[in-house]
Each structure stands twice: as C-alpha cells, then as structure tokens.
Amino acid sequence: MFHQNYNTSIVSQYHPTVRKHVQRLLTHLLSAPGDQHSHRHHAVGGILMNVAYGFDPKSKEDPYIAEALEVVHAFEAVLLPGAFLVDRIPLLKYVPAWMPGAGFKRFAEYYRNATYSAQRKPFNFATDVMNEVQPCVTTKMVDSLPDADDPMYAEVKDDLIIILGASYMAGVDSTTGMLSMLITAMATYPEVQEKAQAEMDKIVGPGRLPDFGDRNDLIYIKALIIELLRWHQIAPFAIPHKTTEDDFYDGYFIPKGTIVLGNAWAVLHDPEVFENPMEFIPERYIKNGNFNDDLINPLDFAFGYGRRICPGRYLAMDMLYLAIASILSMFEILPPKDATGAPVKIELSFSGGPVPIPKPFEVVIRPRSSATEKVIQSLSE
Ligand code: HEM
C-alpha cells in the first residue's frame, strides 16, 4: 500500500498539496518568525495528513495531530536501547502490570490504546465524510477494500488504517528535523546561503516563488539538499534490521537472527572520501557546473536499506525541495545576536535515541527584501 501510494510516479499528484502548505509556511514565517520551528512542523504535518486523509488541519491545535504526536514521541522513547528495565531483565516480562519494574506494561497498554485511537480517528473522519474530503490515499484505498462481508475485509482494512497512521507518525519529525538542519546550516554558513540565493535570483527571479518546474535548473539547491542529508542524518543507524538467514560479509560470519545496524554516519563522514566531512560544503556535489554523480550519494544511506527502506522518501524529497527553495528565495536566515550584538553560534541539541530530532533553537528569519515580502503577502489565503 505504501509503495503503491508514495512511489516516485505518484508523488507528483501531491504537488498541489505540498505547494499549498509550503506557501502557508511562508506566510506564517513572515507574521511570526519566532515560532519557526512549530510552523515547519505544522506545514509538514499538514501535508502528510492532507495526502493520507484528504483534510487540511489548518489549526496547530488540530486534535488528530495532537493525538498522533503523543504516539510519535512515545515511539521515539521506546526506540532508545535500555529505555525499560525489562530490556536488561527479561524475566520482568512475566510479572503483573501493577508490580514495581513492570512500568513498561502500563506504558505499553496506555500507548496501545493511544495508537489505536490516533490511527482510527482521522481514518473514520475521512471515511464518514468521503464526499467532503479531497481525493487522497484513504478515498482511493477504501474503494479497493474487499466487500464488507468478505472474510478478509476486517484484516485488510486494519492494515490500511495502520499504514496510513504510519505515514504521519514516521514522516513528520524526520522531515521537520531535516528542515531544522537547513536553518542551522544557513545561519552558520552565510556564504552558502548567498550562493543559493544568487542561483535562485538568476533562475527564478525576484517576483515569484520557485516551483517544481524549476527543480532541474537549480543545481546548487540540489547539491545543498544532498549535502544536508550527508551532513546530518535524522536516523544515522536507520531502524535495527535482523538477518533472516546465515550470511558472510567481508570474511565475517553473521548468524541468522543477528541485529544489524547500518552506520550511515560513518559512511557519509569518512575523511578518506569527504574532505572536511564535518563542514557543510554543497560545492563537493558540483563538478563543471553540473551535479557531481561521482561522489557517494547520501540518498543511498539516509533513508535506510533493503526491504525496510523509507517508503516516504520521494514525498520527503519533494517536501524538502519546495520548502527549502521557497524559504531561501524569500527569507534571509541569520544567527541570533548576544547582548553585545555579536552573532551567536547555533549549537544544535537533539532528542536522544536512534532518531535524534533537533530541539527548537533561536534564529533570525526575515524577508530578503520588500519585493519578497510583497510576494509572500500576496499569498494570503
Ligand atoms: C527527510 C525525511 C525522512 C527521512 C530522513 C527518513 C528516513 C527513514 C529511515 C532511515 C527509515 C528506516 C529505514 C530502515 O530501517 O532501513 C525510515 C523508515 C520509514 N519511513 Fe521515513 N524518512 C523520512 C520521511 C518519511 C516520510 C515523509 C514518510 C511518510 C510519508 C516516511 C515513512 C516511513 C515509514 C512508514 C518507515 C518504516 C518502513 C518499514 O519499517 O518498513 N518517512 N525512514
């Protein structure tokens, strides 16, 4: 279902939705730049909900989003190795839920219910008012469900509900996190920002927003986005995989059932391959004015591997492209200043665990000129 609805040829159908939410993001950044983190989060969440369920969660307090986020954050907590005592003392699996040490059982029970509700409510809403929501993955997939009296109906419908829920839950913090990296990189490397904006001015011009049709001509922006995925990964070890059969790799025997972690960070920061790997240098991905295909491409690592590779990667790349190109064409991003007026270096801090999400940070975002301010004002819905 995921690959069918989020594959490379389908995601262009979602461009109007991506465009609408990115434009709303720009107007929010203009009117309340101090809330930039929550604006980005809301824009990405809006796209994912819109694509999956066909409704537009305009308010940041949308109850479906609030419920889903609670589950997202619990999921990120449980991915932490050793988050629960039972990880270290497996015998605790057999004690009753009320006993000390069995907090994981109460946690699991609470979040099983919360997940059930967060997945079903938006789905039920969309299917209850099918004629009012926009065509979306739900409306399309409900049509392909078996008849209600078919013995497979309940199981297939349940799978659909879970997968639709996963699209929001897996996509929102990861994509917003990459946009946090963008803001940090731009405030830290002003010369990169200037080059990106110079390209934008040359190819797009000052009087309009960039769109998907400009993508192939924006070589520097492409290199910048690829460098962003190399510089910081949102899940540097992906999700732990388990071997399904005995294997040999590079002379090592790997028995069936081994937990394997792909270390994207090590590959993408190898000083033998990438000069100054900790620095943000989009130019490394440009050769003779074209995109440099000779270098290891982070797209092969930042979204995981094999059968479990991120199925939302094409939509993620479309969201990143339009949000990044639009923000850079309209806004200037600067580091905050201290009491003496000196720029303060942004030090990113991350939520712990295998999916390290950047925490909100202070930054200055303002329109590049009165011309870009007018373009944004003209977008008001
Ligand atoms: C820049 C943004 C994103 C990044 C960097 C990212 C990265 C990843 C990574 C590394 C994995 C683990 C893959 C593995 O274990 O091999 C993953 C899994 C997943 N991602 Fe993404 N992702 C992003 C956006 C999205 C979006 C927008 C969606 C939904 C539309 C999504 C849906 C999923 C799902 C459902 C899985 C679990 C797949 C499975 O276990 O079979 N992701 N993602």
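Order of listing sets the numbers, starting from 1, for every ligand and every atom in it.
Below 30°, between 30° and 60°, or above 60°: for Y321 and F212 the angle between ring planes is between 30° and 60°, a tilted geometry.
The CD1 atom of I324 sits 5.5 Å away from the CG atom of L228 when rounded to the nearest 0.5 Å.
Within the structure, the ring-ring contact (aromatic ring centres under 6.0 Å, His included) test picks out the following pairs touching residues 271-300 (sequence neighbours left out): Y189-F280, W231-F280, Y285-F291.
For the 3.5 Å distance criterion, the side chains of H28 and D35 fail to qualify, holding no donor opposite an acceptor. Residues R19 and Q23 bring no donor and acceptor atom of their side chains to less than 3.5 Å of each other.
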For each nitrogen or oxygen atom of ligand 1, which protein N/O atoms lie closer than 3.5 Å, and how far apart are they, rounded to 0.1 Å?
unit_1: ligand 1; atom_1: 15 (O); unit_2: I239; atom_2: N; d: 3.2
unit_1: ligand 1; atom_1: 15 (O); unit_2: H241; atom_2: NE2; d: 2.8
unit_1: ligand 1; atom_1: 16 (O); unit_2: H241; atom_2: NE2; d: 2.8
unit_1: ligand 1; atom_1: 16 (O); unit_2: Y305; atom_2: N; d: 3.0
unit_1: ligand 1; atom_1: 40 (O); unit_2: R308; atom_2: NE; d: 3.2
unit_1: ligand 1; atom_1: 40 (O); unit_2: R308; atom_2: NH2; d: 2.9
unit_1: ligand 1; atom_1: 41 (O); unit_2: R308; atom_2: NE; d: 2.7
unit_1: ligand 1; atom_1: 41 (O); unit_2: R308; atom_2: NH2; d: 3.3

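Closest heavy-atom contact between A43 and L25: CB-CB, 3.9 Å.
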